[in-house]
Amino acid sequence: MPELPEVETVRIGLARLLPGRVVVRATHDTAKSFPNESRSVEKHLIGATVITVRRRGKALMIDLDTGYSLVVHLKMTGQLVFRDAVGERFGAGHPTDSLVGELPDRSTRVTLDFQDESKLFFNDQRKFGWMKLVQTELVEQEPFFLKLGPEALADDFTFEQFRAAVLRRKGTTIKAAILDQSVLAGVGNIYADEGLFAARIHPATRAGDVSTLKLKRLYRALREVMRLSISLGGSSDKNYVDAEGRKGSYLTFAKVFRREGQDCPVCSTKIIKLRVAGRGTHICPRCQKQGRLS
DNA sequence: CACTTGACCTGTCCGC
DNA sequence: TGCGGACAGGTCAAGT
């Protein structure tokens with residue numbers, strides 16, 4: 001479930017760990033990682049030095065000094081875990097609740113070996129994620145990036161832009177609208193539920209029926225909740241870990257997500273779970289009433 | 001065209 | 001205990 005805050009947490013870790021390291025070997029499973037790219041992997045990845053690590057939406061870009069970038073999407077269960085040369089950094093004695101043991105393991109899809117004998121593992125239990133090698137200056141031309149809307153946390157992403165984008169999807173539910181990566185890039189199921197709760201909006205409300213006041217609250221809430229999550233290292237349900245194999249703690253602070261049956265922190269009504277936009281959806285049925293303009 | 005649903009995968013949990 | 005089925009949820013293709 002890596003969404004913007006989780007991917008950003010990974011980016012922060014990798015941006016500290018990877019620059020300057022030189023790739024000497026890349027081993028990968030078949031199919032989804034580097035499909036038909038063997039030759040460019042050999043030419044543009046092996047021997048390359050990592051320059052920076054960037055994020056756009058829920059995707060990461062590891063820029064190399066060869067003019068190419070490794071583009072990674074973690075989808076549901078992807079992990080990018082770094083291990084130093086000793087390989088003991090997160091072993092016994094380390095004060096972490098790392099979920100990740102010996103690597104590679106059976107979920108490892110790609111291993112990058114660096115010259116100093118450190119390694120980067122791309123693990124992905126469900127194999128939905130992907131890793132591609134793309135010319136850096138052509139990254140934005142990739143179909144995935146062409147479709148992305150503005151960065152949810154960008155300073156210049158204004159409420160007016162948010163409102164206009166949501167209204168392009170006015171016929172669908174507000175939850176489906178904010179999950180649409182062409183409306184804004186980065187929101188996933190967790191932060192959609194948390195943002196809608198904070199803004200007191202029922203997720204099944206038609207997007208075009210949400211009042212301007214509530215839309216404004218939603219815009220603020222989504223950004224606040226994701227910023228808070230980044231500061232807490234993201235949300236770890238099962239699979240998600242950061243670049244050093246550590247969990248995030250945001251879910252401890254989540255108000256409704258995965259809290260069905262518990263009391264609403266505002267009004268003590270029992271939180272319920274329903275299905276909206278084809279996703280598991282958590283609401284307080286009292287705080288989030290449908291079809292009421294306010 | 002606008003929107004919804006199913007497929008992609010694997011592991012886990014729930015009910016019988 | 002074993003087993004089928006639902007579920008997890010990001011994105012794209014296919015369906016309505």
Side-chain angles (χ1 to χ4, degrees), chain A residues 1-11 28-33 35 55-60 71-80 99-101 104-110 122-132 142-149 151-152 164-196 203-210 222 226 229 234-241 247-248 250-251 254 256-261 272-283:
Chain A
M1 18 155 241
E3 306 177 24
L4 188 154
E6 290 73 39
V7 180
E8 178 62 13
T9 301
V10 173
R11 189 201 66 75
H28 59 90
D29 65 346
T30 51
K32 285 208 175 173
S33 309
R55 179 187 61 76
R56 174 81 172 98
K58 299 171 190 171
L60 285 172
V71 183
V72 190
H73 201 303
L74 303 174
K75 290 285 182 85
M76 314 279 295
T77 55
Q79 307 172 330
L80 280 173
L99 292 179
V100 186
D105 64 20
R106 62 207 193 119
S107 77
T108 301
R109 311 254 86 87
V110 179
F122 173 38
N123 303 326
D124 186 16
Q125 184 178 88
R126 287 171 71 179
K127 304 180 184 176
F128 288 177
W130 45 261
M131 182 178 268
K132 289 184 77 171
E142 288 289 298
F144 174 80
F145 290 100
L146 284 175
K147 278 176 265 169
L148 289 185
E151 278 296 315
V166 166
L167 291 181
R168 282 194 283 108
R169 305 283 270 110
K170 63 184 177 187
T172 190
T173 60
I174 186 64
K175 177 156 179 178
I178 60 176
L179 286 173
D180 182 343
Q181 302 298 296
S182 75
V183 168
L184 76 170
V187 176
N189 204 40
I190 298 172
Y191 305 102
D193 279 7
E194 292 296 304
L196 287 162
T205 310
R206 209 183 77 107
D209 289 346
V210 179
L222 285 171
M226 289 197 289
S229 183
S235 296
S236 290
D237 177 29
K238 283 174 43 180
N239 288 279
Y240 170 73
V241 294
K247 295 176 170 187
Y250 174 79
L251 285 187
V256 291
F257 188 80
R258 296 274 167 84
R259 294 199 182 277
E260 60 268 34
I272 59 170
K273 182 172 178 183
L274 40 139
R275 238 175 151 73
V276 178
R279 307 306 213 278
T281 298
H282 313 76
I283 66 164

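Side chain of A:Asn189, nearest nucleotide from C:dG10, C:dT11, B:dT4: C:dG10. Distance from the side chain of A:Gln125 is smallest to B:dT10 among C:dG10, B:dT10, B:dC3. Considering only the side chain of A:Met76, C:dG9 comes nearest among C:dA8, B:dC3, C:dG9.
Contact annotation: A:Gln181 side-chain N/O to C:dG10 OP1/OP2 distance is not under 4.0 Å. OP1 or OP2 of C:dA8 has at least one side-chain nitrogen or oxygen of A:Arg275 nearer than 4.0 Å. When the side-chain nitrogen and oxygen atoms of A:His73 are compared with OP1 and OP2 of C:dT11, one or more of them lie within a distance under 4.0 Å. The phosphate of B:dG11 has OP1 or OP2 within less than 4.0 Å of a side-chain N or O from A:Arg106. Between A:Ser107 and B:dT10 there is no side-chain polar atom (N or O) within less than 4.0 angstrom of OP1 or OP2. One finds a side-chain N or O of A:Arg258 lying less than 4.0 angstrom from the OP1 or OP2 phosphate oxygen of C:dG9. Remark: A:Lys75 is not in phosphate contact with C:dG9, judged by side-chain N or O atoms under 4.0 Å from OP1 or OP2.
Distance noted for atom P between C:dT11 and B:dC1: 23 Å (whole Å). Nucleotides B:dG6 and C:dA6 place their C1' atoms 15 Å apart, quoted to the nearest Å.
The CZ atom of A:Phe122 sits 14 Å away from the P atom of B:dC9 (whole-angstrom rounding). Remark: C1' of C:dG9 and CG of A:Leu74 are 14 Å apart, rounded to the nearest angstrom. We find that CD of A:Glu260 is positioned 14 Å from C1' of B:dC14, with the value rounded to whole Å. Straight-line distance from the CG atom of A:Asp180 to the P atom of C:dT11: 10 Å, rounded to whole Å. Rounded to an integer number of Å, the gap from CD of A:Glu3 to P of C:dA8 is 14 Å. Atom CZ of A:Arg279 and atom P of B:dA7 are 16 Å apart (whole Å). Taking atom CG on A:Asn239 and atom P on B:dT10, their separation rounds to 14 Å, with Å as the unit. The distance between atom CG of A:Leu179 and atom C1' of B:dT5, rounded to the nearest whole Å, is 15 Å.
Salt bridge present: A:Arg56 and A:Glu151 bring a charged side-chain N and a carboxylate O closer than 4.0 Å. Look at A:Asp124 and A:Arg109 and you find no salt bridge, because none of the NZ, NE, NH1 or NH2 atoms lies under 4.0 Å from a carboxylate O.
The aromatic rings of A:Tyr250 and A:Tyr191 lie tilted to each other, with the angle between the two planes from 30° to 60°. The aromatic rings of A:Trp130 and A:His73 are tilted relative to each other, their planes meeting at an angle between 30° and 60°.
Side-chain to base pairing of A:Arg126 with C:dA8: one donor and one acceptor N or O lie within less than 3.5 Å of each other.
With centres under 5.5 Å and a plane angle under 30°, the ring of A:Phe128 is stacked against the base of B:dC8.
With pairs defined as Watson-Crick or G-U wobble and both atom distances under 3.5 Å, the stems of at least three pairs that touch DNA chain B come out as B:2-8 with C:10-16, B:10-16 with C:2-8.
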Every protein N/O within reach of nucleotides 13-16 of chain C N/O, cut-off under 3.5 Å:
none

